[in-house]
Q: 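Have a look at the structure that comes next, please.
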There are 2 protein chains.
Amino acid sequence: MTTQQPVPSGTYNHGMDTRERLLDATEQLLWERGYAATSPKDILVAAHAGQGSMYHHFSGKQELAVEALVHSTGQLRAEAAGALQAPGTALDRVEQYLRRQRDSLRGCRVGRMTYDPDVLATPTLLQPVADTLEWLVAELERVIEEGIAAGEFPGTVDARQLAFTVAAVVQGGYVLARAGQDASAFDAAVEGAIGLLRGIAA
Amino acid sequence: MTTQQPVPSGTYNHGMDTRERLLDATEQLLWERGYAATSPKDILVAAHAGQGSMYHHFSGKQELAVEALVHSTGQLRAEAAGALQAPGTALDRVEQYLRRQRDSLRGCRVGRMTYDPDVLATPTLLQPVADTLEWLVAELERVIEEGIAAGEFPGTVDARQLAFTVAAVVQGGYVLARAGQDASAFDAAVEGAIGLLRGIAA
DNA sequence: GTCTATAACGGGATAGAC
DNA sequence: GTCTATCCCGTTATAGAC
């Protein structure tokens, strides 16, 4: 039995193997700094790994980022689904989605990628972002349509438009919160939207 | 009289002097690619200028970017003010603001900066962004309050919250449009918001 | 699998000639 | 004012040892 080295205290050392630590570190850094501004070296430091490990497990920064981003989008979908597919009225579920606990100042790990020039120029990176936000809008639309069918919302409501609006309030709330470095901007945007939704509800 | 060289056909050559061309090129590049992803060389090529010119007129990339960004935010304020301070009902003015012609896929030249890590880390760059979006929300709030006073909107409306919501719909609309590379996502978000506003209006 | 050494390249700025 | 040469550094990847 080899002597077990004490694991250097770091952020990404919870019993993961090297490959997992690399992915986890990349996921965090993509969220914090985006793709273009994250260097392989940043990842290696955060993951307590060496260059050799990274280029052994992945072809390079891009492949690593794609895998991390796909995982990230999966997380976001699961969290959104938790609110939107819960029991309750349509209005309840939309409100629950809008009010989900969010670290507003961090911004959206998916939406932020749309302003990263390298992501826009790399189809394999843009694809999961596009797919996820498209999925989100479709889920919102489905819930809103259920609300219309149930008589919660007037039949004149355009479910698809409203779904885009709700998704946009969240994405824009993050932008406003980050601009002013004030999380309450996000909350205000969301509460204003909820007020509007309640205003048109039966 | 020296022989006039034919101006090489470029984007930024409309009779501007070198300093103006540098600023104009920077403004465009900040919009398209953000701050971190824009290199001095990119700017020099776009402005048809040499390095010497840039470091003569400006201390470096940062100072140049600050001045370009301040100009950019001034433009945005003027455009928004054009809609929000026009004659008409409060609802009209908010609708006009929301429907202003926008090149949705380009995104917001101000809002996008909030996801640029270098901008967040540089107070002189973040300041004009924060100021401008704060100003925008305040303007929207003022208009909405006028609408409440005029009886257009119910007195139960929270003007400040609703102002954040309207600003967020625009910022988020850009994100959704860019994600799907589809300008109609922006329009849908905006039209959904207008539907909600009309729904609560008297 | 992981390490270190190295390399090719570009970013950002400075120096000094013109 | 503008030009070119030069410099230092970080990014991204490869090579080959262990």
Side-chain angles (χ1 to χ4, degrees), chain A residues 2-8 10 12-13 15-26 29-30 32-69 116-119 121-122 124-125, chain B residues 2-8 10 12-13 15-26 29-30 32-69 116-119 121-122 124-125:
Chain A
T2 58
T3 306
Q4 184 63 49
Q5 291 294 325
V7 177
Y12 309 112
N13 279 301
M16 299 176 180
D17 64 21
T18 302
R19 192 189 144 85
E20 286 171 322
R21 288 204 314 279
L22 286 166
L23 280 169
D24 190 52
T26 303
L29 285 164
L30 286 181
E32 284 166 30
R33 307 188 39 83
Y35 177 73
T38 295
S39 74
K41 183 165 190 182
D42 295 335
I43 297 170
L44 300 178
V45 169
H48 303 291
Q51 284 203 340
S53 301
M54 171 173 153
Y55 287 102
H56 171 73
H57 292 290
F58 303 93
S59 67
K61 172 185 168 177
Q62 184 177 316
E63 188 178 292
L64 176 48
V66 168
E67 198 164 323
L69 189 55
D116 190 308
D118 286 12
V119 170
T122 311
T124 51
L125 283 166
Chain B
T2 58
T3 305
Q4 183 63 51
Q5 291 293 327
V7 177
Y12 308 111
N13 278 299
M16 299 175 180
D17 63 23
T18 303
R19 194 189 143 86
E20 287 172 322
R21 288 204 315 279
L22 285 166
L23 281 168
D24 190 53
T26 303
L29 285 164
L30 286 180
E32 283 165 29
R33 306 187 42 82
Y35 177 73
T38 295
S39 74
K41 184 165 188 182
D42 294 335
I43 296 169
L44 299 179
V45 168
H48 303 291
Q51 284 203 346
S53 301
M54 171 173 152
Y55 286 101
H56 171 75
H57 291 291
F58 304 93
S59 67
K61 172 185 167 176
Q62 184 176 315
E63 188 176 292
L64 176 48
V66 169
E67 197 163 323
L69 190 54
D116 190 307
D118 287 10
V119 170
T122 310
T124 51
L125 283 166

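As the structure is a prediction and not an experimental result, all values here were calculated from the model. In what follows, every chain begins at residue 1, and chains take the letters A, B, ... in the order their sequences are listed.
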Q: On a heavy-atom basis, which atom in A:A49 and which in A:L22 lie closest, and how many Å separate them?
A: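 Taking A:A49 first and A:L22 second, the nearest heavy atoms are CB-CD2, 4.0 Å.
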Q: How long is the line joining CD1 of B:I43 and P of C:dG11, in whole Å?
A: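 That distance rounds to 11 Å.
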Q: Please state how far atom CZ in A:R33 lies from atom C1' in D:dG10, giving the value in whole angstrom units.
A: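 Answer to the nearest Å: 13 Å.
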Q: B:E63 CD to C:dG12 C1': how many Å, rounded?
A: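 Rounded to whole Å, this separation is 15 Å.
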Q: Any idea which heavy atoms bring B:V66 and B:L125 closest together, and the distance?
A: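 Reported closest heavy-atom pair: CG2-CD2, 3.8 Å.
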Q: If you take atom types as modelled and just measure distance, does the side chain of A:Q51 reach the base of C:dA5 with a donor-acceptor pair under 3.5 Å?
A: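 Answer is yes: a donor-acceptor pair is held.
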Q: For residues B:F58 and B:E63, report the shortest heavy-atom separation together with the two atoms involved.
A: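 The answer is CA-OE2, 3.7 Å.
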Q: Does A:S59 reach a base, just sugar-phosphate, or nothing at all? Heavy atoms under 4.0 Å.
A: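 A:S59: no heavy atom of the nucleic acid under 4.0 Å.
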Q: Can you tell me the distance, in whole Å, between the CG atom of B:D42 and the C1' atom of C:dG10?
A: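 Computing the B:D42:CG to C:dG10:C1' distance gives 10 Å.
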Q: Using only side-chain N and O atoms of B:K61, determine if any of them is under 4.0 Å from OP1 or OP2 of C:dG12.
A: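 For B:K61, the contact criterion (side-chain N or O under 4.0 Å from OP1 or OP2 of C:dG12) is met.
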Q: Nearest-Å distance, OH (B:Y55) to P (C:dG16)?
A: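 Going from OH in B:Y55 over to P in C:dG16 covers 17 Å.
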Q: Both conditions, 6.0 Å and 45 degrees, for the charged tip of B:K61 above the ring of B:Y35: are they met here?
A: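 Cation-pi check for B:K61 and B:Y35: passes.
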Q: What's the separation between atom CG in B:L64 and atom OG in B:S59, rounded to the nearest 0.5 Å?
A: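 Output value for this atom pair is 9.0 Å.
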Q: Report the nucleotide, chosen from D:dT2, D:dT12, C:dA13, that has the shortest atom-to-atom distance to any side-chain atom of A:P40.
A: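 Taking heavy atoms from C-beta onward, the closest nucleotide is D:dT12.
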Q: Does OP1 or OP2 of C:dG10 have a side-chain N or O of B:S39 closer than 4.0 Å?
A: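 So the side-chain polar atoms of B:S39 never come under 4.0 Å of the phosphate oxygens OP1 or OP2 of C:dG10.
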Q: Side-chain N or O of A:S53 less than 4.0 angstrom from OP1 or OP2 on C:dC3?
A: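 Yes, because at least one side-chain N or O of A:S53 sits under 4.0 Å from OP1 or OP2 of C:dC3.
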Q: Please determine if a side-chain N or O atom of A:H56 lies less than 4.0 Å away from the OP1 or OP2 oxygen of C:dC3.
A: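 No, A:H56 has no side-chain N/O under 4.0 Å of OP1/OP2 on C:dC3.
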Q: Given atom CG of A:L64 and atom C1' of D:dA13, what is their separation to the nearest angstrom?
A: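 After rounding, the gap between these two atoms is 14 Å.
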Q: I need the NZ-P distance between B:K41 and C:dA13, as an integer number of Å.
A: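 The distance from NZ of B:K41 to P of C:dA13 comes to 15 Å, rounded to the nearest Å.
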Q: B:F58 has an atom CZ; how far is it from atom P of D:dG1, in whole Å?
A: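 B:F58 atom CZ is separated from D:dG1 atom P by 13 Å.
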